[in-house]
> 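Sharing a structure with you now.
Whatever order the structure lists them in is the order used to number ligands and atoms, beginning at 1.
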Amino acid sequence: MTSLMQIDILTLFPQMFQSPLSSGLLQRAIDRKLVSVNIHDIRYYTHDKHRTVDDYPYGGGAGMLLKPEPIFEAVEALKSDLSLSQRGQELPIILLTPQGRLFSQQIAQELSQHSHLVLICGHYEGVDERVREHLVTDEISIGDYVLSGGELAAMVVIDAVVRLLPGVLGSEASPLDDSHATGLLEYPQYTRPPVYRDWAVPEVLLSGNHARIAEWHREQAIMRTLQRRPELLDKAKLCLKEEQLVERLKQPQ
Ligand code: SAH
């Protein structure tokens, strides 16, 4: 059986992926053949004795840059391995970079629709600009800060995408309720015991009344989003009644 998604990662540090891919949800998805992840050492695609992957930037400046040749050759080798049926499909070749589009649940959802992703992890000062200009089809940043390499960023992207693939999470419904999936933060949740150190679970959740519980969830999600991330509400899809609730909550008490 072929998996739902194939992910190929180009990196200088293949060992960094061992632990994340061999525990928890990712390992389960791999074991169940829902996703296959292949790690490629960029160094393998060098031809000189010292297996050189980096060089000084033209024009000076601090640090080293990843050379273009091994990265182009690694991606080309991957492409030539694709079966004929896969060749017609668009293959996203994603460079992890702090200059890319800011990763979000929406981008995770978009990527989860593809059957194959290639992720390129930079290192040192980054990669030769020609990789960006002539090889990659997409650039993703996981946030406005600078990491020492693209490996952790690639893992973040993989984790967020794989949990959206059908069958990876236990219940099909759960990713739909998550924070950001609905455009809202998720409502607060409780488990047993019903009273812990005098702190009781909201009574409505114990009522068994599903309609009331659903209404409470929705209201709480809206309130929470308003308190913590009000800018998200501008894009959330709210019905008239919910918009009125937001207006009421915004009034000074
Ligand atoms: N000099 C570069 C940063 C290099 S950081 C610049 O200013 O743009 C080294 C590598 O770490 C990058 O090539 C990239 O692959 C990865 N990286 C660093 N920060 C990242 C971020 N926020 N998101 C995704 N990848 C990042």
Side-chain angles (χ1 to χ4, degrees), residues 5-21 25-26 35 37-46 50-79 90-114 116-164 178-180 229 231-232:
M5 180 181 271
Q6 177 180 337
I7 302 175
D8 286 278
I9 306 166
L10 272 56
T11 172
L12 287 181
F13 297 94
Q15 66 281 11
M16 279 185 77
F17 291 89
Q18 262 165 24
S19 168
L21 294 178
L25 181 128
L26 285 175
V35 63
V37 183
N38 310 311
I39 319 280
H40 308 273
D41 190 341
I42 295 173
R43 218 171 274 284
Y44 177 81
Y45 295 89
T46 54
H50 300 292
R51 315 220 106 183
T52 313
V53 290
D54 58 340
D55 209 335
Y56 295 98
Y58 277 120
M64 304 291 274
L65 285 180
L66 285 186
K67 291 160 67 59
E69 308 94 310
I71 300 180
F72 272 86
E73 285 184 34
V75 171
E76 281 155 10
L78 269 175
K79 281 186 178 165
E90 201 224 331
L91 173 60
I93 301 170
I94 304 166
L95 177 67
L96 282 313
T97 160
Q99 303 184 21
R101 54 189 182 129
L102 203 52
F103 192 54
S104 63
Q105 190 63 22
Q106 203 186 339
I107 297 180
Q109 250 143 18
E110 173 199 317
L111 297 180
S112 73
Q113 306 301 311
H114 290 275
H116 193 174
L117 302 175
V118 177
L119 302 175
I120 303 175
C121 306
H123 223 85
Y124 312 118
E125 263 312 297
V127 300
D128 184 284
E129 186 68 7
R130 286 163 290 190
V131 169
R132 196 188 65 68
E133 288 172 338
H134 304 294
L135 186 66
V136 308
T137 63
D138 196 0
E139 297 171 58
I140 289 179
S141 163
I142 63 158
D144 290 338
Y145 38 79
V146 179
L147 303 165
S148 58
E151 287 74 15
L152 291 171
M155 285 178 223
V156 167
V157 170
I158 293 170
D159 190 287
V161 169
V162 169
R163 69 190 285 287
L164 293 176
D178 282 334
S179 294
H180 302 295
R229 299 288 304 279
E231 79 283 5
L232 295 179

> Tell me the contacting part of Ile140 for ligand 1: side chain, backbone, both, or neither, using a 4.0 Å heavy-atom threshold, strictly below.
backbone
> Do any nitrogen or oxygen atoms of Ile120 lie less than 3.5 angstrom from nitrogen or oxygen atoms of ligand 1?
no
> Any idea which atoms of ligand 1 are less than 4.0 Å away from a heavy-atom of Ala153?
24 (C), 25 (N)
> N/O to N/O below 3.5 Å, does that happen between Gly122 and ligand 1?
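The answer is yes, given that Gly122 and ligand 1 share an N or O pair closer than 3.5 Å.
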> Take a 6.0 Å sphere around CD of Glu129 and say whether it holds more than 12 heavy atoms from other residues, nucleotides or ligands.
yes
> Hey, is Leu96 touching ligand 1 through its side chain, its backbone, both or neither, going by heavy atoms under 4.0 Å?
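Leu96 to ligand 1: contacts from backbone and side chain alike.
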> Could you find the nearest protein heavy atom to atom 8 (O) of ligand 1 and give me its residue, atom name and distance?
Gln99 NE2, 2.9 Å
> Does Ser141 use its side chain to pair, donor to acceptor, with the backbone of Gly143 at less than 3.5 Å?
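Answer holds: yes.
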> Any salt bridge between Lys79 and Glu76, counting N to O under 4.0 Å?
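So Lys79 does not pair with Glu76 through a salt bridge.
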> State the atoms of ligand 1, each with its element, that fall below the 4.0 Å cut-off from a heavy-atom position in Val146.
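It comes down to these atoms of ligand 1: 5 (S), 19 (N).
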> Name the closest protein heavy atom to atom 4 (C) of ligand 1, giving the residue it belongs to and the distance to 0.1 Å.
Glu125 O, 3.4 Å
> Looking at side-chain heavy atoms only, is the closest gap between Tyr44 and Pro14 below 4.5 Å?
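Counting from C-beta outward, Tyr44 and Pro14 never come under 4.5 Å.
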> Out of Ser141, Gly126, Gly150, who gets a non-hydrogen atom closest to atom 16 (C) of ligand 1?
Gly150
> Any side-chain heavy-atom pair from Leu232 and His180 closer than 4.5 angstrom?
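Answer yes - side chains close enough.
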> Just wondering, do Phe72 and Val131 contact through their side chains at under 4.5 Å, heavy atoms?
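Yes, close enough: below the 4.5 Å cut-off.
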> Heavy-atom contact check, 4.0 Å cutoff: does Gly63 meet ligand 1?
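Judged by the 4.0 Å heavy-atom criterion, Gly63 does not count as contacting ligand 1.
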> Can you name the atoms of ligand 1, numbered from 1 with element, that are less than 4.0 Å from a heavy atom of Tyr145?
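That gives atoms 19 (N), 21 (C), 22 (N) of ligand 1.
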> So is Ile142 polar-close to ligand 1, meaning N/O to N/O under 3.5 Å?
yes
> If we only count heavy atoms from C-beta on, is the Met5 to Val161 side-chain gap below 4.5 Å?
yes
> If you take all heavy atoms of Ile142 and Leu102, which pair is closest and at what distance?
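Minimum heavy-atom separation between Ile142 and Leu102: C-CD1, 4.4 Å.
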> Would His116 and Asp8 count as a side chain to side chain contact (heavy atoms under 4.5 Å, CB included) here? Give the steps.
CA-CA 8 Å; His116 193 174; Asp8 286 278; 2.7 Å; yes
> Is Gly143 in polar range of ligand 1, meaning some N or O pair under 3.5 Å apart?
yes
> How far is atom 26 (C) of ligand 1 from its nearest protein heavy atom, and which residue and atom name does that atom have?
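It is Pro98 CD, 3.7 Å.
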> Note the single closest protein heavy atom to atom 19 (N) of ligand 1, along with its residue, its atom name and the distance in Å.
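Heavy-atom neighbour on the protein nearest atom 19 (N) of ligand 1: Leu147 N, 2.9 Å.
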> Side chains of Val157 and Ile94: closer than 4.5 Å at any heavy-atom pair?
no
> Give a yes/no on ligand 1: does Tyr124 have at least one heavy atom closer than 4.0 angstrom to it?
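Tyr124 counts as a contact of ligand 1 under the 4.0 Å cut-off.
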